[in-house]
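Take a look at the structure below.
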Protein chains: 2
Amino acid sequence: MAGPHHEGPLLKRAGERAPRPPSPEVSSLTLNRLSVYLRSLRQLQASGESTISSQELARRFHLSATQIRKDLAQFGEFGIRGVGYDVALLEARLRGVLSLDREHRLIVVGVGNLGQALVRFLAVAEEGFRVVAAVDKDPAKVGRRVGGVTIRPSKELRGVVRETTPEIGVLAVPPEAAQENYDALVAAGLRAVLNFASVNLRLAPGVPTKNVDLRIHLEELAFLVRAAGG
Amino acid sequence: MAGPHHEGPLLKRAGERAPRPPSPEVSSLTLNRLSVYLRSLRQLQASGESTISSQELARRFHLSATQIRKDLAQFGEFGIRGVGYDVALLEARLRGVLSLDREHRLIVVGVGNLGQALVRFLAVAEEGFRVVAAVDKDPAKVGRRVGGVTIRPSKELRGVVRETTPEIGVLAVPPEAAQENYDALVAAGLRAVLNFASVNLRLAPGVPTKNVDLRIHLEELAFLVRAAGG
DNA sequence: AGATGTGAATGAGTTCACAGCT
DNA sequence: AGCTGTGAACTCATTCACATCT
C-alpha cells in the first residue's frame with residue numbers, strides 16, 4: 001500500500017516521447033519509488049549537485065542502486081554510461097513521467113478534523129497539487145473558509161465539480177458515509193480518489209483509488225512492537 | 001511494502017498459545033490484511049452474524065478467500081472444516097495476534113496542522129490506541145490543550161516520555177526536522193515510529209518504523225490518471 | 001575505468017487444486 | 001457435502017552479474 005489492499009487497475013503508457021512505447025503496466029511499488037527518487041533529486045539539486053550515480057544516490061538515501069536503474073529503465077534511458085545521471089535532467093524527466101509538469105486539482109470531501117488538516121496541508125505544502133474545492137454534509141460548516149476554499153454543501157457536489165473541475169477526490173468522511181460519497185465522486189466524473197476512510201470500498205472500474213488507513217499502520221506497529229519483544 | 005520504501009525489520013512470534021511456535025517472519029502485507037479482516041469481522045459482529053466462511057467473507061468485502069486462509073494459517077488454525085469461522089472467536093484471535101488486547105500509548109511530535117488533526121483523530125476514534133502526550137518546538141504552542149493532552153516543549157521530550165511512557169511515536173514535523181526528532185524519539189526509548197514527514201529516515205535497528213507519505217500517494221494517482229487517458 | 005541498462009537467477013507473494021477434517 | 005488448511009504451480013519483484021557504451 002502503500003495503501004496495501006485493493007487498489008485500482010494499473011494502466012500502461014509512460015513519459016511522452018520516452019523511448020518506451022507500449023510498455024507493460026507499471027507497478028505501484030515502482031511508482032512510489034519514483035516519487036522517492038524525485039524527492040531525493042530535489043534535495044540534491046538544492047544542495048547544488050549536478051550529477052550523480054545510482055550507487056551514490058542509493059548510498060545517500062538508503063536505496064538500492066540496481067533497483068533505481070531497473071525502475072528508471074521502464075521509462076527510458078536517462079543516464080550516461082560511465083558517468084551517471086544529470087540531476088536536473090533526471091528530475092525533470094521524472095516529473096514528466098509522474099505528470100507533475102501540470103497542476104492537479106483536488107476536491108476534499110468531508111471537512112472534519114482530518115479533512116480540515118488535509119485542506120490546509122495541501123494548500124500550503126504540496127506543489128503540483130491544488131485544493132480547488134471542499135464539501136461537507138454539515139450545514140454548520142458550509143460557508144466557512146479553510147485554507148483558501150469555501151466549504152460547500154455535499155449535495156451540490158455535482159455542481160461544485162462542474163465549476164471547479166477537480167480530477168482527484170480526497171475522501172475524508174466517516175467510514176459509514178464513505179461508499180456513498182465515493183460513488184458520488186465517481187458519478188460526478190472524478191478521475192481518481194484518495195480514500196482516508198477505514199473501509200473496503202467497492203471500486204469503480206477505471207477510477208484509480210488509493211487507501212490511506214492510519215489504523216492499519218498503527219496495528220502493524222502494535223504487532224511489531226510485541227514481536228520485537230515488547 | 002505497503003508503506004512503500006524502507007521500513008523496519010520484521011520479527012517473529014505469533015499469538016500467545018496459537019499452535020505456531022517459532023513461525024517465520026510475517027510480511028507487512030499479511031499484517032495489513034489482518035487489520036482489514038479484523039475490521040470486516042467487527043462489522044459482521046455488529047450486524048449479528050455468528051459464523052462465516054472465507055468465501056463469504058471474501059465476497060462481502062472484496063477480498064480473496066484463499067488469501068484469507070493462507071494469512072490466518074500463519075498464526076494458527078482458527079476455523080472449523082465444513083463450517084467456517086466463528087466470527088466472535090476469530091475477531092478475538094486476530095485482536096490477540098495484533099496485540100490489540102492491550103492499550104498502546106502514543107506520543108505525537110509536532111503539533112502543526114497535521115499533528116493537531118492526528119491528536120484529535122486518535123483521541124476520538126481509535127480504540128486500542130491512546131495519545132498520552134504531545135510535544136512541539138514552538139513556544140507559542142506549548143501549554144495549549146489539544147484533544148485531551150497538553151502540548152509540552154520538544155526539549156523536554158525525554159522527561160515527557162518518562163512521565164507518560166508512550167511506546168509508539170507519531171512524527172508530524174516538517175521534513176527538515178524529521179531525522180533529529182526521530183533520533184530523539186529512539187534515544188528516549190520509543191519502541192516504534194509512525195512517520196508522516198516526507199523523508200527517507202536513517203532508521204534505528206530494532207525500532208519498527210512506518211512511513212505515511214501523502215505526496216507519494218498523490219503522485220501515484222497523478223500518474224494513473226494520465227495513464228488511464230487523462 | 002566506470003557507470004548504465006538488462007537478461008538470468010533468485011526470492012517473495014499469490015493463486016490453484018486438492019487432501020483431510022467435520 | 002462443504003469448507004479449511006496447505007503443498008505445488010505460478011506470477012510478480014528484487015538482486016546478481018555482465019555486456020555495452022562513454
Side-chain angles (χ1 to χ4, degrees), chain A residues 1-2 4-7 9-10 12 14-15 18-20 23-34 36-37 49-60 62-87 89-90 93-94, chain B residues 1-7 9-10 14-15 18-20 23-34 36-37 49-60 62-87 89-90 93-94:
Chain A
M1 186 300 75
H5 38 301
H6 276 240
E7 252 121 51
L10 306 179
K12 50 177 95 179
R20 283 290 171 285
S23 81
E25 272 105 67
V26 181
S27 87
S28 196
L29 276 60
T30 297
L31 288 174
N32 292 347
R33 282 191 301 261
L34 291 188
V36 172
Y37 304 157
E49 321 262 343
S50 67
T51 225
I52 193 154
S53 68
S54 58
Q55 200 171 129
E56 181 63 8
L57 191 57
R59 199 188 56 73
R60 293 219 213 167
H62 324 110
L63 308 166
S64 144
T66 314
Q67 193 155 60
I68 291 169
R69 298 203 299 276
K70 259 275 156 58
D71 286 338
L72 297 180
Q74 293 184 58
F75 301 95
E77 308 201 353
F78 302 125
I80 306 165
R81 296 183 189 212
V83 179
Y85 301 90
D86 180 293
V87 173
L89 182 66
L90 183 55
R93 290 308 187 86
L94 288 185
Chain B
M1 280 187 300
H5 35 303
H6 276 239
E7 251 122 52
L10 306 178
R20 283 291 171 284
S23 80
E25 273 106 65
V26 181
S27 87
S28 196
L29 277 60
T30 297
L31 288 174
N32 293 345
R33 281 190 302 261
L34 292 188
V36 172
Y37 304 157
E49 321 262 343
S50 68
T51 226
I52 193 155
S53 68
S54 58
Q55 197 171 132
E56 181 63 7
L57 191 57
R59 198 187 56 71
R60 293 219 212 166
H62 324 109
L63 308 166
S64 144
T66 315
Q67 192 154 61
I68 291 169
R69 298 202 301 277
K70 260 272 157 58
D71 285 337
L72 297 180
Q74 293 184 57
F75 301 95
E77 307 202 352
F78 303 125
I80 305 164
R81 297 181 190 214
V83 178
Y85 301 90
D86 180 293
V87 173
L89 182 66
L90 184 54
R93 292 307 188 86
L94 289 185

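Chain A is the first sequence line, chain B the second, and so forth, proteins listed ahead of strands; every chain is numbered from 1.
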Whole-Å distance separating the [atom1] atom of [X] from the [atom2] atom of [N]:
X: A:Asp86; N: C:dA3; atom1: CG; atom2: P; value: 16 Å
X: B:Gln67; N: C:dC16; atom1: CD; atom2: C1'; value: 13 Å
X: B:Gln55; N: D:dG2; atom1: CD; atom2: P; value: 11 Å
X: B:Glu56; N: D:dT4; atom1: CD; atom2: P; value: 11 Å
X: B:Asn32; N: C:dT14; atom1: CG; atom2: C1'; value: 16 Å
X: A:Leu31; N: D:dA13; atom1: CG; atom2: P; value: 11 Å
X: B:Leu90; N: D:dG5; atom1: CG; atom2: P; value: 9 Å
X: B:Glu77; N: C:dG20; atom1: CD; atom2: C1'; value: 11 Å

In Å, rounded to the nearest 0.5 Å, how long is the span from [atom1] of [X] to [atom2] of [Y]?
X: B:Ser54; Y: B:Arg59; atom1: OG; atom2: CZ; answer: 12.5 Å
X: B:Leu57; Y: B:Arg69; atom1: CG; atom2: CZ; answer: 11.5 Å
X: B:Leu94; Y: B:Tyr37; atom1: CG; atom2: OH; answer: 9.5 Å
X: B:Phe78; Y: B:Ile68; atom1: CZ; atom2: CD1; answer: 13.5 Å
X: B:Leu72; Y: B:Gln67; atom1: CG; atom2: CD; answer: 10.5 Å

Side-chain N or O of [X] closer than 4.0 Å to phosphate OP1/OP2 of [N]:
X: B:Ser64; N: C:dT15; answer: yes
X: B:Tyr85; N: D:dG2; answer: no
X: A:Ser27; N: D:dA13; answer: yes

Taking B:Thr51 as the fixed residue, which of B:Val83, B:Leu90, B:Leu89 is the one that meets the side chain to side chain contact (heavy atoms under 4.5 Å, CB included) rule?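 Running side chain to side chain contact (heavy atoms under 4.5 Å, CB included) over B:Val83, B:Leu90, B:Leu89 with B:Thr51 returns exactly one hit, B:Val83.
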Five pairs per end, C1' atoms only: what is the angle between the end axes of the helix from C:dA1-D:dT22 to C:dT22-D:dA1, to 10 degrees? 0°
Expected rows: protein N/O vs nucleotides 16-21 of chain D N/O, under 3.5 Å:
residue, atom, partner, partner atom, Å
D:dT20, O2, A:Arg81, NH1, 2.8

Among all residues two or more places apart in sequence or in another chain, which pass the side chain to side chain donor-acceptor pair (under 3.5 Å) test with A:Gln55?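 A:Gln55 satisfies side chain to side chain donor-acceptor pair (under 3.5 Å) with no other residue.
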Using a 4.5 Å cut-off on heavy atoms from C-beta on, say whether the side chain of A:Tyr85 contacts that of A:Glu56.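 No - every pair of side-chain heavy atoms lies 4.5 Å or more apart.
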What heavy-atom pair brings A:Glu25 and A:Gln74 nearest, and what distance separates the two atoms? O-OE1, 4.5 Å
Would you mind classifying the nucleic acid contact of A:Ser54 as base, sugar-phosphate or nothing, using non-hydrogen atoms under 4.0 angstrom? sugar-phosphate
